[in-house]
Colleague: 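Next up is a structure, given as structure tokens.
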Amino acid sequence: MEKEKHHIVAFPTYLWVLVGLIILTFLSVGITSIELGELTVAGALVIASVKTLLVLTYFMHLKFDKPYIRIMVGFVFAVFLVVIIITFFDYYYR
Amino acid sequence: MQAATPIPTDVSYLEYKGKYKGIFSWIFSTDHKRIALLYLYSMMVMFLVGVLLGLAMKLELIAPGKTIMEAKDYNAVFTVHGVIMIFMIVVPGLPAVFGNFLLPIMIGAKDVAFPKLNLLSWYIYVLGALLVIASVLFGNGTPDTGWTFYAPYSFKTGTNLLPAIFGAFVLGFSSILTGLNFIVTIHRMRAPGMTWTKMPLFPWTLYGTGWIQLLATPVVGITLVLVSLERIFGIGVFDPALGGDPILYQHLFWIYSHPAVYIMILPAMGAISEIIPTFAQKHVFGYRAIVASTLAIAFVGYFVWGHHMFTAGMSGTAQYTFSLLTFLVAIPSAIKVFNWISTMHQGSIRLETPFYWAASFIFVFMIGGLSGLVLGSLATDVYVHDTAFVVAHFHFIVFGGVGFAFFGAIHYWFPKMFGRMYDKGLANTGWIVFFIGFLALYAPMFYLGMKGMPRRYYDYLPEFHAANILSTLGSWVMAFGLVIILINLFRSAKHGPKADKNPWNGKTLEWTVPSPPPVENFAETPVYGEKDGPYEYQ
Amino acid sequence: MEHTVHQTHDHYDPEASKIGMWLFIFTELLLFGGLFVIYSVYRFLNPEAFHLAAEELNRAIGTINTIILLVSSATIAMATSAIQKNNKRQTLLLMLVTVLLALTFLVNKYFEWGAKFGHGIFPGSEHMIQTMSKGEILFFGLYFIMTGLHALHIIIGMAFIIFVMVLTARGKIHSERFALLENSGLYWHLVDVIWIFLFPLFYLIH
């Protein structure tokens with residue numbers, strides 16, 4: 001059994017990520033307060049996705065894990081996205 | 001917390017005296033082989049209940065009008081039959097029994113990655129089964145929605161539906177945990193040197209199935225929770241009176257329940273892919289193609305759910321899309337059939353019971369698959385939707401496919417599991433009687449469906465009488481075959497002649513260990529070298 | 001789970017526990033995924049009503065709760081680093097902060113739901129059926145289901161973290177053996193990720 005090396009993340013990294021996440025939260029509150037029409041939802045979702053990416057990469061250590069876990073996570077999100085898109089083939093064209 | 005005494009390598013898992021005695025040595029055992037047998041026996045009980053319900057339905061349909069039960073009872077019978085057969089038999093079937101027993105041995109491991117979790121999933125399975133039984137025994141009225149629990153009827157019906165829905169949810173959880181366990185096991189516990197492409201095909205199909213179990217089951221889980229909330233609080237998510245859309249329920253239900261078909265069929269295909277090369281005494285043809293088609297079926301199968309809803313009122317675009325995707329999934333299935341036939345080609349076939357089951361599997365699977373194309377194309381689907389044709393189609397796939405593979409697998413691995421051989425003459429007799437009964441039971445339904453006999457009715461027009469009689473007679477013949485098979489197996493498990501460790505000259509790792517295997521499977525962990533392959537380990 | 005692996009096998013495999021946890025997280029994602037499918041369909045069908053109904057929700061509380069969860073995610077992540085440096089006191093402290101933040105989140109949620117109930121907004125209420133459009137009823141139905149299920153996950157996550165704290169205090173979890181702590185963190189981040197999407201979808205419709 002080989003010993004798996006484990007990366008220890010330094011506290012400042014986490015704190016910087018946290019600051020980024022909080023800034024993005026205020027940004028999404030701000031962006032949805034102005035009238036952008038259709039773009040409002042898109043903007044909010046894009047920001048949420050960036051935040052999720054940050055959490056996945058740093059807090060959940062994907063950056064420091066072996067690549068196959070990253071592939072699995074990407075795969076699962078992709079499957080979910082395709083399910084939504086296919087469902088909307090029904091509702092959008094009904 | 002270390003075990004006090006080392007586990008001996010010369011005592012079989014059946015004889016090993018662990019910490020507990022009697023029944024407790026089974027229900028507290030974390031040995032994957034004992035858990036497999038726990039699943040086998042509990043499934044056998046539920047299977048017999050399901051079969052009896054099926055026979056009751058066929059008896060009701062032997063003549064038009066009321067024969068033995070009222071319309072209401074017929075609704076209850078087909079509902080419970082469906083819930084038992086789908087959620088308790090065919091979905092967990094091959095993974096929970098043969099996956100548990102063989103996956104660790106076939107990849108050279110001592111057990112699955114999380115043995116306690118494995119035992120827990122059996123407990124959860126039993127809990128789910130008890131809940132479903134409770135919905136039958138208690139409350140006012142047995143569930144009558146069909147196993148699909150379609151909205152809005154599922155929250156309007158006054159019958160005791162909640163325990164059944166919760167039972168299905170719990171059974172799904174058991175299935176998720178099994179899939180999770182297998183994926184981790186395959187990732188982390190393969191024998192040294194066994195790379196992905198040196199893994200036999202049955203574990204490969206379990207891997208594909210595991211992913212579908214993980215990604216599809218939660219969707220039906222949340223959907224069933226919503227139906228329960230709808231019943232309890234009137235929350236309005238699928239209730240058209242409160243703005244909900246019942247068709248959305250169908251979407252979510254089939255996002256699980258169509259992939260569930262692939263949860264069932266993939267391990268069945270895996271078992272067939274092990275049996276055929278062994279009895280053709282030849283290398284499996286196109287190992288990589290079979291692996292690729294396994295993953296392709298698992299993947300594409302996730303996106304075809306809408307073909308259950310062609311007549312439900314979807315948009316045209318959605319109908320075309322689902323129809324196209326459905327045809328796509330036929331390709332990898334056909335690749336597999338091609339590979340099995342090519343494996344037999346120029347092989348030296350040994351006609352043993354497992355091979356008979358495997359060959360008849362291909363036959364019924366082809367009929368089931370091709371009739372699926374009729375249902376997958378829009379124009380013909382509108383014609384036969386919700387008729388007996390559909391019932392015939394999915395029984396050819398689910399019962400013909402999974403059931404035949406299950407019986408093939410049990411006749412193949414029986415000497416390994418119990419260390420004894422069954423009576424081959426009786427086993428072959430059982431097979432041919434079962435096979436004839438099966439065809440007589442379900443083939444007339446294709447005809448009836450084309451003629452317009454709807455499914456889920458306890459009554460029919462007089463012109464359908466003759467074909468229905470044939471179908472009912474078939475159900476009796478099939479049940480008789482089943483009795484022969486089960487008696488033979490049960491008797492042989494106790495009294496059959498001792499089996500050799502490799503009676504079929506199989507090439508995979510389970511045939512290198514004694515029959516029945518010792519508790520920790522291997523005295524020495526197998527190591528795969530450069531030259532070894534999935535079917536040539538030395 | 002950890003014990004099992006220990007007993008029946010002669011090795012401890014943190015990588016296996018981690019994959020196991022990730023796979024479990026995938027099922028949780030798809031569980032909420034089903035709800036997000038429902039949400040997106042109904043929002044698409046009832047854009048006006050969703051807009052109107054969302055006005056009823058309190059943005060300030062939503063924002064505060066978001067920040068609480070983000071901070072708690074950072075503290076549990078830091079706990080994983082602390083245990084690897086074998087700093088038990090710091091680990092426990094960071095985990096305690098996480099649990100307290102989670103509790104604050106739930107208290108906020110309690111008052112938020114309580115206010116809605118006070119206004120007659122709850123599943124199956126007569127007030128809703130009489131005064132609201134179908135789209136608004138759907139919005140609140142989904143609001144209660146999704147935030148409720150999320151709150152349930154918060155409770156499960158808290159229990160998980162407290163359990164790991166006990167094991168850490170007893171020295172069962174240390175710098176050589178911390179997969180369980182890492183897994184409780186992963187679970188907690190999942191709860192965070194779900195909220196990251198719930199927040200704009202319910203509170204920030206404008």
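Numbers restart at 1 for each chain; the letters A, B, ... are given by sequence-line order, proteins then strands. Scope of the values below: all heavy atoms of this structure, side chains included, with no hydrogens, waters or symmetry mates.
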Colleague: A quick test of your reading: do over 12 heavy atoms of other residues, nucleotides or ligands sit less than 6.0 Å from OH of B:Y153?
Modeller: yes
Colleague: Looking at CZ of A:R94 and CD1 of B:I247, how far apart are the two atoms once the value is rounded to the nearest 0.5 Å?
Modeller: 4.5 Å
Colleague: Would you mind telling me which of A:Y93, A:F88, A:F75 has the largest number of heavy-atom pairs within less than 4.5 Å of chain B?
Modeller: A:Y93
Colleague: Report the distance from atom CZ of B:F322 to atom CD1 of A:I86, rounding to the nearest 0.5 Å.
Modeller: 5.5 Å
Colleague: Out of B:P192, B:G316, B:S315, B:A318, which one racks up the most heavy-atom pairs below 4.5 Å with chain A?
Modeller: B:S315
Colleague: Would you find more than 12 non-hydrogen atoms of other residues, nucleotides or ligands less than 6.0 Å from A:W16 atom CH2?
Modeller: no
Colleague: In sequence, state the C-alpha distance, the side-chain angles, and the governing distance for A:V82 and B:Y302, and then conclude on side-chain contact (heavy atoms from CB on, under 4.5 Å).
Modeller: CA-CA 10 Å; A:V82 176; B:Y302 200 81; over 6 Å; no
Colleague: Where do B:H251 and A:Y91 land on the side-chain contact (heavy atoms from CB on, under 4.5 Å) test, with the steps shown first?
Modeller: CA-CA 11 Å; B:H251 273 297; A:Y91 287 92; 3.8 Å; yes
Colleague: Report the C-alpha distance between B:T317 and A:Y92 in whole Å, list the side-chain angles of each, state the deciding distance to 0.1 Å, and finish with yes or no for side-chain contact (heavy atoms from CB on, under 4.5 Å).
Modeller: CA-CA 9 Å; B:T317 315; A:Y92 190 77; over 6 Å; no
Colleague: Apply side-chain contact (heavy atoms from CB on, under 4.5 Å) to A:T87 and B:L252, showing your working.
Modeller: CA-CA 9 Å; A:T87 309; B:L252 290 159; over 6 Å; no
Colleague: With side chains defined as the heavy atoms from C-beta onward, is the minimum distance between B:V219 and A:V83 less than 4.5 Å?
Modeller: no
Colleague: Contact part of B:L325 toward chain A, heavy-atom cut-off under 4.5 Å: side chain, backbone, both or neither?
Modeller: side chain
Colleague: Rounded to the nearest 0.5 Å, what separation is found between the CD atom of B:Q319 and the CG atom of A:D90?
Modeller: 8.5 Å
Colleague: Compare every heavy atom of B:F303 with every heavy atom of A:V79, then report the nearest pair and how far apart it is.
Modeller: O-CE2, 3.9 Å
Colleague: How are the rings of B:H187 and A:Y68 set relative to one another: parallel (under 30°), tilted (30 to 60°) or perpendicular (over 60°)?
Modeller: parallel
Colleague: Is the number of heavy atoms from other residues, nucleotides or ligands within 6.0 Å of CZ (B:F310) greater than 12?
Modeller: yes
